[in-house]
Amino acid sequence: MVDERVGGERVGDGFDVHRQRRALFGGAVDRYERGRPGYPEAVYELLERGCGLGPGAAVLEVGPGPGQVTGPLLARGARVTAVELSDALADRLRRNHPTPALEIVRGAFESVELPEARFDLAVAAAVFHWVPTEVGLAKLGSALREGGWAALWWSVYADAERHDPLAEPLRRVLTRRAPELLDDPGAGAHPGQPGLHHGLQVADRLADFERTGLFAPARFELFRWTARHDAEGVRALFGTFSPFLALPPATLQATLDDLAAVVDHELGGTVERPYLTPVYLAQRLPRAASGCAGR
């Protein structure tokens with residue numbers, strides 16, 4: 001029998017817009033599972049080499065969605081506690097991974113109750129910008145045992161150093177259908193948009209860990225890779241981006257239709273895009289050293 005717990009959610013704390021946006025993903029479960037390409041194998045190799053991922057490891061996963069990361073963690077013998085906000089995504093996660101090695105905790109990460117000093121590794125893939133940073137990192141620090149590791153990473157769906165065949169067609173489609181997204185870095189139209197992706201703001205992300213006083217100095221790794229999508233894959237991928245999901249339904253449908261048509265009629269039916277995965281790793285300090293003894 002698996003254990004599923006429900007956590008509440010705070011309101012009125014200045015995080016309202018993010019809270020509204022992050023709630024949209026539960027309405028795009030099929031697109032999320034079909035469109036999101038997962039993460040490079042090198043990320044998991046990094047966690048195996050230096051962060052304790054392996055048979056018997058107790059891993060906390062924040063925002064698992066349908067399980068793009070959960071599956072590889074379980075395949076390496078980990079016991080995973082996954083905190084998922086969306087009931088629809090949590091249901092899909094359980095369907096995809098019906099194993100007692102997976103515990104699902106339902107609720108907002110910053111609000112659910114978690115045991116202290118239980119986990120060897122805590123991971124969050126393309127999700128931690130949806131968590132209030134100070135509260136979220138403090139909660140990771142509380143949940144990790146001394147010497148445990150936090151690993152946060154993101155997907156950047158472009159690479160300014162490599163050509164993206166979809167970048168210019170995407171801008172044309174957005175100009176026609178949803179010009180308000182042209183300057184939104186979350187809309188997936190990098191490179192060429194104002195602002196830098198959250199995961200590539202390296203100094204800020206490293207400083208986030210430092211301010212907690214709970215972790216040794218964090219380190220940054222960057223992986224470059226590519227993914228190939230057909231027209232329906234592009235439709236599904238962009239249909240999981242929160243700025244798209246916030247569009248009126250008719251506008252969203254027309255925008256996704258146009259992007260799929262670009263792939264079919266301009267790009268030969270498939271497109272290979274350059275992606276980045278920035279990874280941040282930080283080790284939990286001893287509780288006395290971090291000033292957390294007795295908490």
Side-chain angles (χ1 to χ4, degrees), residues 2-29 32 36 39 47 51 57-70 73-74 78-94 97 102-145 148-155 186 198-199 205 208-209 211-212 214-215 218 240 242 245 279-282 284 292 295:
V2 293
D3 176 27
E4 300 194 7
R5 291 177 278 133
V6 179
E9 183 175 0
R10 287 200 308 261
V11 295
D13 55 3
F15 206 67
D16 295 332
V17 173
H18 270 57
R19 182 170 289 107
Q20 293 167 11
R21 283 284 184 93
R22 71 185 184 181
L24 297 172
F25 296 111
V29 176
Y32 204 104
R36 292 286 176 124
Y39 304 94
L47 299 181
C51 301
V59 179
L60 173 64
E61 184 183 1
V62 184
Q68 281 95 339
V69 172
T70 316
L73 296 175
L74 292 169
R79 293 175 288 108
V80 179
T81 297
V83 181
E84 175 53 55
L85 172 67
S86 161
D87 281 336
L89 285 167
D91 290 344
R92 182 64 58 87
L93 178 66
R94 174 57 68 205
H97 301 289
L102 172 63
E103 174 190 2
I104 299 175
V105 179
R106 300 181 185 233
F109 177 69
E110 66 269 22
S111 302
V112 300
E113 293 186 8
L114 295 170
E116 290 195 13
R118 170 181 169 183
F119 297 98
D120 304 303
L121 172 65
V123 304
V127 71
F128 217 70
H129 55 291
W130 296 115
V131 177
T133 301
E134 183 177 349
V135 174
L137 287 178
K139 194 150 194 171
L140 289 186
S142 175
L144 285 168
R145 64 168 178 80
W149 287 86
L152 311 182
W153 68 89
W154 281 268
S155 293
H198 182 88
R205 301 291 74 77
D208 289 341
F209 279 104
R211 279 193 298 271
T212 68
L214 303 175
F215 297 92
T240 68
S242 64
L245 291 172
V279 182
Y280 297 85
L281 304 172
R284 180 63 164 93
C292 294
R295 287 191 183 179

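All values below come from the heavy atoms of this structure, side chains included, with hydrogens, waters and symmetry mates left out.
Minimum heavy-atom separation, Thr212 to Asp208: CG2-O, 3.4 Å. Phe209 and Ala218 get closest at one heavy-atom pair: CD1-CB, 3.8 Å. Shortest non-hydrogen contact noted between Ala58 and Arg118 is CB-O, 3.9 Å. In terms of heavy atoms, Pro64 sits closest to Thr70 at CB-OG1, 3.5 Å. Between Arg92 and Pro66, the closest heavy-atom pair is CG-CB, 3.8 Å. In plain terms, the two heavy atoms of Phe215 and Leu144 that are nearest each other are CE2-CD1, 3.9 Å.
By the 30° and 60° cut-offs, the orientation of the rings of Tyr39 relative to Trp153 is perpendicular. The aromatic rings of His198 and His129 sit tilted, their planes meeting at an angle between 30° and 60°.
Under the 4.5 Å side-chain criterion, counting only non-hydrogen atoms from C-beta, Leu89 is not in contact with Leu93. Here the side chains of Leu74 and Val80 are in contact, with some heavy-atom distance below 4.5 Å. For the pair Trp130/Leu85, no side-chain contact is recorded, criterion being any heavy-atom separation below 4.5 Å from C-beta on. With contacts defined as side-chain heavy-atom distances shorter than 4.5 Å, the pair Trp154/Arg205 qualifies. Between Val131 and Lys139 there is no side-chain heavy-atom pair separated by less than 4.5 Å. Residues Phe109 and Val135 are not in side-chain contact: their nearest non-hydrogen atoms beyond the backbone lie 4.5 Å or more apart.
A salt bridge is absent between Asp91 and Arg94: the closest approach of a Lys/Arg side-chain nitrogen to an acidic carboxylate oxygen does not fall below 4.0 angstrom.
Here the side chain of Arg36 pairs a donor or acceptor atom with the backbone of Thr240 at under 3.5 angstrom. The closest donor-acceptor contact from the side chain of Tyr280 to the backbone of Gly199 lies under 3.5 Å. Arg284 places a side-chain N or O within donor-acceptor distance of the main-chain N or O of Gly141, the cut-off being under 3.5 Å. Although no hydrogens or angles enter the test, the distance criterion places no donor-acceptor pair under 3.5 Å between the side chain of Glu110 and the main chain of Gly136.
Tested against Val123, the residues Val279, Leu152, Leu140, Leu47 include a single side-chain contact (heavy atoms from CB on, under 4.5 Å) partner, Leu47.
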Given the rule in the side chain to side chain contact (heavy atoms under 4.5 Å, CB included) test, do Leu214 and Leu137 qualify, once you have shown the distances and angles that lead to the verdict?
CA-CA 9 Å; Leu214 303 175; Leu137 287 178; over 6 Å; no
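In this structure, the separation between CG on Leu60 and CZ on Arg79 is 12.5 Å, given to the nearest 0.5 Å.
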